[in-house]
Colleague: 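Sharing a structure with you now.
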Protein chains: 2
Amino acid sequence: MPVSIEDVAKLAKVSISTVSRVINRRELVNEQTRARVESAIQELGYRPNAFARGLMLRRSEIVALVLPDLHGEFYLEIIRGANLKARALGYNLVVSSFNGSDDGGSLLYALEQRALLDGLAVMISDAGAHIGPALAASRLPFVVLDDEIEGPAHDSVIINQACGAATLMRHLLTNCGVRRVIFVGGPATNTDTQARLTSCREVLKAAGLALPSSSVYHLDYLYETAYVLASKHLPEWRGRDACIVAANDEMAAGIVAAANSLGVEIPNDIAVVGFDDTRIARMTRPPLTTVRVPTSAMGASAIEILCQRIAEPQRPPTRISLDPELVVRESCGGNRSEKR
Amino acid sequence: MPVSIEDVAKLAKVSISTVSRVINRRELVNEQTRARVESAIQELGYRPNAFARGLMLRRSEIVALVLPDLHGEFYLEIIRGANLKARALGYNLVVSSFNGSDDGGSLLYALEQRALLDGLAVMISDAGAHIGPALAASRLPFVVLDDEIEGPAHDSVIINQACGAATLMRHLLTNCGVRRVIFVGGPATNTDTQARLTSCREVLKAAGLALPSSSVYHLDYLYETAYVLASKHLPEWRGRDACIVAANDEMAAGIVAAANSLGVEIPNDIAVVGFDDTRIARMTRPPLTTVRVPTSAMGASAIEILCQRIAEPQRPPTRISLDPELVVRESCGGNRSEKR
DNA sequence: TTGAAAGCGCTAACAG
DNA sequence: CTGTTAGCGCTTTCAA
């Protein structure tokens with residue numbers, strides 16, 4: 001028993017256009033008529049049919065945020081930031097995630113095909129995902145988070161991984177006496193891991209130090225595997241001038257735990273640092289020095305420029321770059337004060 | 001330059017009805033005509049307009065999962081389970097979350113109003129949220145996760161908190177020599193916290209023990225506040241027969257950390273247990289005994305019965321109850337083996 | 001097997 | 001200020 005605009009019109013004894021006006025441009029309607037219409041709407045519990053509306057208006061006021069398979073809590077802040085911004089701009093946000101198993105293309109395909117969306121913010125964290133082409137082929141306004149995709153120019157919000165990793169490395173070299181780095185990354189195809197590794201290498205190189213590939217490990221971003229790896233290698237890794245750089249906090253936490261159970265003291269016997277500044281970073285003993293990615297801001301920025309593009313499709317592509325912030329805690333020696 | 005069904009018809013030299021038939025009921029169309037139409041669709045990159053389609057079909061093949069403000073990683077598994085099930089059933093899933101700040105009603109309102117959804121799975125974890133009435137008032141098929149709402153009968157998937165908490169308590173009483181409990185919950189209005197507390201009380205009472213309200217604390221589910229609370233009270237709490245029951249793992253982790261830094265040994269000086277079996281539960285020293293909620297199954301079940309209702313609106317309400325599982329680790333003494 | 005035509009519920013000119 | 005009317009793009013009888 002769906003109640004339509006016509007039912008309202010009938011009850012209020014006006015034409016459907018008047019009802020439509022009351023809904024969309026109240027100021028054009030006589031006060032008394034408006035009151036009549038509004039009470040009719042109330043009485044009937046009328047809600048405009050979104051499909052019909054969308055058909056005319058050619059927009060749904062819905063934007064989507066598509067994230068890769070969620071590992072850890074890293075994404076929650078992005079969602080939160082995006083959510084807030086979307087609502088502030090009068091859009092509804094829907095969040096989808098695609099599992100690592102499918103290539104992501106299928107989800108995008110489904111979303112596009114049903115194209116109920118006004119726009120799309122996609123995060124691609126694995127260079128292997130075949131999302132780029134599908135996205136570029138669609139006519140949907142989109143913005144890419146934390147990555148670049150091939151093809152034509154587009155809006156993007158990126159984290160300046162190089163800056164974050166470099167800041168971290170410089171801190172380690174300058175304030176913590178680090179001369180030797182073990183890098184524990186996520187999958188080798190993961191773009192964040194790649195960027196962080198590259199940047200570490202560069203800073204080390206600039207300081208006349210090397211990061212041989214024998215000191216680089218690629219895991220899966222998880223605590224357990226990092227724990228296992230560290231349990232095995234810590235005896236050979238340890239050293240006052242050594243530092244384990246994990247590509248996320250969770251792995252760093254696993255490494256710290258391994259060290260604790262082996263009696264390896266952090267940061268005295270070896271330093272450990274992470275990335276992301278998730279809650280976990282404060283839950284290790286000692287707490288982790290890490291690099292805070294402005295996740296919430298990232299989500300918000302993405303939605304913001306997406307909505308700008310929707311409003312003005314011809315504007316030149318925007319590229320927002322956000323700098324991470326170094327968060328110094330006690331897992332790396334040196335300066336002990338936590339930046340606030 | 002949106003290409004419509006008419007463009008395709010023109011290019012293929014058929015009527016729009018034929019194009020429509022090719023898309024929806026290919027078997028009714030002559031093979032050769034079909035081929036012509038299909039290549040025209042290809043050539044033009046035609047995609048049916050979802051609004052027009054929805055207008056006729058009265059469905060979008062989209063269902064939504066709405067979660068409260070996300071604290072911790074607890075929800076990710078729900079999303080994952082729901083996602084998989086939805087795709088398997090031919091639906092697209094969108095996930096929304098509402099922040100604690102708004103009452104949730106506004107999000108629901110927006111979703112309903114725009115009613116592009118075929119159905120809704122909502123999780124309500126705070127009895128204070130005014131979602132129930134709004135939901136019941138809508139004509140949208142819906143299923144409620146992990147809670148009951150007032151009003152007419154409806155589908156729901158609930159976690160049998162009583163069962164989980166009772167199993168935990170019985171283990172503590174029987175195998176760990178616990179005689180005294182300190183309960184550290186989330187907000188007093190949180191229904192999970194309420195259910196867990198109630199159930200703890202009952203089991204204690206059945207054993208002739210009491211849980212006075214002076215031993216019940218209501219925090220915010222966060223590590224830090226639990227850490228602070230425990231740091232202050234552990235000296236008075238401690239005792240071989242005492243156990244701190246935290247309503248989630250994160251708070252339990254905070255309590256464990258506080259104990260570690262005070263030199264209070266777990267489980268010898270006092271036991272600590274959590275709820276949810278999130279990753280954090282394995283990241284404390286010692287690892288946490290906790291109650292695993294079948295989160296992924298919960299998401300999947302919710303979507304499943306939602307889609308059943310969409311297909312068959314008149315079916316009687318279903319209520320699925322999922323039992324949590326006790327996960328015994330080392331934070332509570334007694335049986336040391338981890339259940340697998 | 002195909003086409004013509006009637007809407008689905010709504011918005012937006014265009015008259016009055 | 002309000003009503004009439006023409007679509008938006010699609011599916012679906014109903015005839016041919």
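Within every chain, numbering begins at 1; the chains are lettered A, B, ... in the order of the sequence lines, protein sequences first and strands thereafter.
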Colleague: Need to verify one output field. Residue with the more 5' nearest nucleotide on DNA chain C, B:S15 or B:L55?
Modeller: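 Final value for this comparison: B:S15.
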Colleague: When you compare the side chains of A:R36 and A:N30, does any donor N or O come within less than 3.5 Å of an acceptor on the partner?
Modeller: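 Side-chain D/A pair, A:R36 to A:N30: absent.
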Colleague: Check the distance between C:dC10's C1' and A:E6's CD and give it to me in whole angstrom.
Modeller: 11 Å
Colleague: Can you tell me the distance, in whole Å, between the CD1 atom of A:I16 and the C1' atom of D:dG7?
Modeller: 12 Å
Colleague: Over how many whole Å does the gap from B:M56 atom CE to C:dC8 atom P extend?
Modeller: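 About 9 Å, once rounded to whole Å.
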Colleague: Does A:S17 reach a base, just sugar-phosphate, or nothing at all? Heavy atoms under 4.0 Å.
Modeller: base
Colleague: When the distance from CD1 of B:I5 to P of D:dC10 is rounded to whole Å, what number comes out?
Modeller: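 Computing the B:I5:CD1 to D:dC10:P distance gives 5 Å.
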Colleague: Salt-bridge test for B:E31 and B:R34: reply yes if a basic N is under 4.0 Å from a carboxylate O, no otherwise.
Modeller: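 No, no charged N to carboxylate O under 4.0 Å.
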Colleague: Round to the nearest Å and state the distance from B:F51 atom CZ to C:dC10 atom P.
Modeller: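 Those two atoms, CZ and P, are 14 Å apart.
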Colleague: Counting side-chain heavy atoms from CB outward, which of D:dT2, D:dG9, C:dT2 is closest to A:T18?
Modeller: D:dT2
Colleague: Under a 4.5 Å cut-off applied to non-hydrogen side-chain atoms, are A:L120 and A:V66 in contact?
Modeller: yes
Colleague: Given that B:R58 and B:E27 both sit by DNA chain C, which one's nearest nucleotide is further toward the 5' end?
Modeller: B:E27
Colleague: Students often get this wrong, so: under 4.0 angstrom with heavy atoms, is A:L57 touching a base, only sugar-phosphate, or nothing?
Modeller: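 Sugar-phosphate only.
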Colleague: Under 4.0 Å between a side-chain nitrogen and a carboxylate oxygen: does that hold for B:R59 and B:D118?
Modeller: no
Colleague: From CG of B:N49 over to P of D:dC8, roughly how many Å is that when rounded to an integer?
Modeller: 12 Å
Colleague: What nucleic acid atoms does A:V19 come within less than 4.0 Å of, heavy atoms only: base, sugar-phosphate, or nothing?
Modeller: nothing
Colleague: Once you round it to whole Å, what is the distance between C1' of C:dT2 and CZ of B:R34?
Modeller: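 Taking atom C1' of C:dT2 as the reference, CZ of B:R34 is at 14 Å.
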Colleague: How many whole angstroms separate atom CZ of A:R26 from atom C1' of D:dT2?
Modeller: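 Atom CZ in A:R26 sits about 17 Å away from atom C1' in D:dT2.
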Colleague: Can you tell me if A:N24 touches the phosphate of C:dT11, counting only side-chain N or O atoms and a distance under 4.0 Å to OP1 or OP2?
Modeller: yes
Colleague: Is A:S20 side chain donor-acceptor paired with the C:dA12 base, going by distance under 3.5 Å alone?
Modeller: no
Colleague: Report which part of the nucleic acid B:R21 touches: base, sugar-phosphate, or nothing (heavy-atom distance under 4.0 Å, all strands).
Modeller: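 Since a base atom lies under 4.0 Å of B:R21, the category is base.
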Colleague: Does any part of the side chain of A:V14, heavy atoms only, come nearer than 4.5 Å to the side chain of A:T33, both counted from C-beta?
Modeller: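 Answer yes - side chains close enough.
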